[in-house]
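Order of appearance sets the numbers: ligands from 1, and atoms from 1 within every ligand. Index from 1, following the sequence.
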Amino acid sequence: MVRRMLLVFAFILPVVTAGGQATPGWPIHSLERPRPLIVHPGGPTFVSPPADAVVLFDGRSLDPWRSPGDTTGPAHWRIVDGTLEVVPGTGNIETRIAFGDAQLHLEWMAPNPPLGEGQARGNSGVFLMGRYEVQILDSWENLTYADGQAASIYGQAPPAVNASLPPGRWQSYDILFRRPRFDARGRLTEPARMTVIHNGVAVQVNVALLGPTSHQVREPYAAHPNRLPLSLQDHGDPVRFRNIWIRPLPARP
Ligand code: MG
């Protein structure tokens, strides 16, 4: 009985600890931080856009996107076989519409055969409000620091488990996002929160973010507008996307 209970706890604990706070106790990108257990997902989850969703990529049009340095022209990435592909070196792209609290669905695929190691393999990312990144990375048999692998809140919170599929397979993220709140003086009153489901597996559950995403140092929150563009990262790898849609969420009562 005791052994059975211990076994149950071993499975439940990683999920429970993923809730609440991103853990500030670990130095950013620590290689000592335990790697999440691997859980093989059933597969990606394709979810058609609900009637009230804003479709951001339907396989045909880049119109909802722009390149920040050239906001009047088309975004600098390309459409290949009905997918949106990063063109390395052209920079991040962002939505023309701004969003705050939101439900986001997107599907992505890391290049196959894989090239590079660690952070240099199938790296991209989705930045809520252009500031808060859920990492996209080929984390199939590819070790990197725990807070930088696929479905991590980059530099802050590793996913509860590694639910990655191999490169060349479509993977899905469903993200629930609450923006941070600031008072009239610009002081933080509520941190941003994220829930992330990777290939149908809950990997971040209502995690409070420590601040905006940054590399090697943790930046404090800085007040910003209630709505900002969503952005996708060019990290030098031709990662592909499909079926991207977003539903603005009403503010909490
Ligand atoms: Mg990234």
Side-chain angles (χ1 to χ4, degrees), residues 22 26-31 33 35-36 44 56-57 65 67-68 75-77 83-95 104-112 114-160 162-175 177 192 194 196-199 203-204 207 209-219 228-242 244 246:
W26 286 98
I28 191 166
H29 312 321
S30 170
L31 292 168
R33 194 169 187 169
R35 266 44 169 243
L56 296 176
F57 185 66
W65 300 90
S67 289
H76 296 173
W77 294 8
T83 73
L84 171 59
E85 186 178 271
V86 178
V87 178
T90 59
N92 297 357
I93 62 171
E94 65 181 18
T95 55
L104 173 70
H105 176 88
L106 67 79
E107 294 163 35
W108 59 274
M109 183 171 73
N112 190 37
L115 274 177
E117 297 293 330
Q119 291 291 306
R121 183 185 293 187
N123 194 333
S124 179
V126 52
F127 285 79
L128 284 298
M129 306 194 86
R131 283 165 167 70
Y132 308 101
E133 184 187 17
V134 178
Q135 172 71 311
I136 288 172
L137 192 79
D138 178 1
S139 285
W140 180 267
E141 298 176 354
N142 179 36
L143 276 187
T144 187
Y145 41 87
D147 66 14
Q149 69 178 61
S152 63
I153 296 171
Y154 185 80
Q156 301 187 26
N162 181 350
S164 295
L165 286 164
R169 293 275 308 273
W170 285 103
Q171 309 200 44
S172 61
Y173 282 169
D174 288 279
I175 299 173
F177 176 73
M194 276 204 221
V196 180
I197 297 173
H198 182 194
N199 296 328
V203 293
Q204 308 279 0
V207 173
L209 275 66
L210 304 170
T213 300
S214 56
H215 182 57
Q216 296 183 332
V217 287
R218 292 212 173 105
E219 296 284 344
L228 286 167
L230 175 85
S231 61
L232 298 176
Q233 186 184 44
D234 166 17
H235 201 282
D237 299 321
V239 172
R240 290 183 176 187
F241 294 86
R242 73 176 186 188
I244 310 175
I246 191 166

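Taking the side chain as every heavy atom from C-beta outward, Trp65 and Trp77 never approach each other to under 4.5 Å. Considering only heavy atoms from C-beta on, Trp108 stays 4.5 Å or farther from Val126 through its side chain.
Counting only protein atoms, the N, O or S atoms lying less than 2.8 Å from the Mg ion (ligand 1) are Asn123 OD1, Ser124 O, Glu133 OE2, Gln135 OE1, Gln233 OE1, ordered by chain and residue number.
For Gln135 and Ser152, the side-chain atoms include no donor-acceptor pair closer than 3.5 Å. Between the side chains of Gln171 and His198, at least one donor-acceptor pair of N or O atoms lies under 3.5 Å.
Under the side-chain contact (heavy atoms from CB on, under 4.5 Å) test applied with Leu104, the options Val134, Ile244, Asp174 reduce to a single match, Ile244.
Ring to ring, His105 and Tyr173 are not that close: their centroids are 6.0 angstrom or more apart.
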